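Every number for a ligand or one of its atoms is a count from 1 in the order of the listing. The structure displayed is predicted, hence computed values, not measured ones.
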Amino acid sequence: MDRKFILAVAQVGGIQPQESRHDVVARLVAMLEQAVAAGAKFVVFPELTLTTFFPRYWSDKISGHDQYFEREMPNEAVNPLFKAALSHGVGFYLGYAELTSDGHRYNTSILVDSTGRIVGKYRKIHLPGHADNLKELKAQHLEKRYFEVGDLGFGVFDVDGVRFGMCLCNDRRWPEVYRMLSLQSADVVVLGYNTPLDVPGWQEEPHMKMSTHLLSLAAGAYQNAVWVAAAGKSGTEDGTYMVGGSAIASPAGEIVSKVIGDGDEVAFAQIDLDYSEPFRQSVFNFAAHRRPEHYGLLVERVGRGEPLPIPKSAGLT
Ligand code: ING
């Protein structure tokens with residue numbers, strides 16, 4: 001890919017529990033074709049894109065939702081997407097539930113390059129929600145029950161000559177994620193998400209669900225001088241509403257493209273990799289300005305704790 005290329009985010013409206021992977025993949029292919037028609041060279045699809053967001057349902061057995069997991073990738077149901085992308089020479093990001101041959105379950109995303117090769121894989125590290133059965137709720141958020149914490153770390157991968165970092169949904173709210181990727185020289189961070197309006201134990205005004213989503217993208221992009229592109233699974237799934245807001249943020253921290261609805265919809269932006277350079281040479285010149293010797297707490301402490309002692313040289317009594 002050139003230093004300038006068009007990137008698309010393909011937002012996927014609700015996927016109902018009874019919808020087949022074939023039906024869903026046909027929707028993804030239709031959006032990929034739209035993206036290609038607009039000149040896109042890379043398309044971002046959402047998190048857990050192939051099925052309904054099954055972590056809203058309790059199952060007495062962890063394996064109770066294995067029908068929503070993929071045992072290999074690609075596979076017969078997803079092949080039409082790989083084939084369409086290959087025929088147009090475009091790459092894509094795809095989120096899905098992964099069941100490994102040795103029985104591990106992950107919330108996973110992959111990067112596929114323009115030759116159809118899977119060149120990157122990520123397994124979600126920030127698993128939100130809960131693991132216990134909150135049966136009084138209409139919709140639960142059981143990612144901590146069905147998925148293990150990812151074991152691949154935060155990786156950056158070469159996709160047709162461009163360095164892509166990946167993350168998934170709740171990861172986008174944690175500044176550490178973008179920093180881990182930008183310290184590895186990611187140019188573009190791509191992610192998929194499913195953000196229900198009602199999440200157990202996390203109530204805020206409805207409009208703030210959209211605001212904090214867009215704020216997270218813009219902040220991550222600005223503070224790390226990277227482009228950030230996010231594609232959501234949105235709209236109503238089995239009576240539960242998930243916000244849309246698929247968007248692309250520039251290294252200046254601006255949302256430069258956003259969908260307008262909560263259904264299947266593609267949004268585009270021209271990514272200019274050189275646009276990051278002025279930020280990287282000045283305000284966010286990591287090598288010149290960062291002081292890791294003062295950041296120890298970031299990796300030593302998990303939760304909120306006591307203030308650190310101030311050195312005597314401060315002269316405080
Ligand atoms: N988390 C969603 C997100 O947008 C969420 C919603 C937030 C669920 C916090 C639970 C707790 O962050 C996902 N799906 O990762």
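The number of heavy-atom neighbours closer than 6.0 Å to CZ of F154, taken from other residues, nucleotides and ligands shown, is above 12.
Among residue pairs with one or both ends in residues 175-197, those qualifying as salt bridge (Lys or Arg N to Asp or Glu O under 4.0 Å) are D187-R280; sequence neighbours excluded. For residues 85-94, every residue pair satisfying the side chain to side chain donor-acceptor pair (under 3.5 Å) rule, not counting sequence neighbours, is listed here: E33-H88.
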Sequence neighbours left out, cut at 3.5 Å: what donor-acceptor pairs do the side chains of residues 292-300 make with other protein atoms?
| from | atom 1 | to | atom 2 | distance (Å) |
| --- | --- | --- | --- | --- |
| E293 | OE2 | R291 | NE | 2.9 |
| E293 | OE2 | R291 | NH2 | 3.0 |
| Y295 | OH | R291 | N | 2.8 |

Candidate pair R27 and E19, rule salt bridge (charged side-chain N to carboxylate O under 4.0 Å, His left out), full reasoning: CA-CA 11 Å; R27 290 167 58 185; E19 209 164 332; 2.7 Å; yes

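Salt-bridge check for D274 with K4: failed, with every basic side-chain N at 4.0 Å or more from each acidic carboxylate O.
Within 4.0 Å of ligand 1, protein heavy atoms come from E47, K124, P128, G129, H141, E143, C169, N170, R172, R173, N194, T195, P196, V199, W202.
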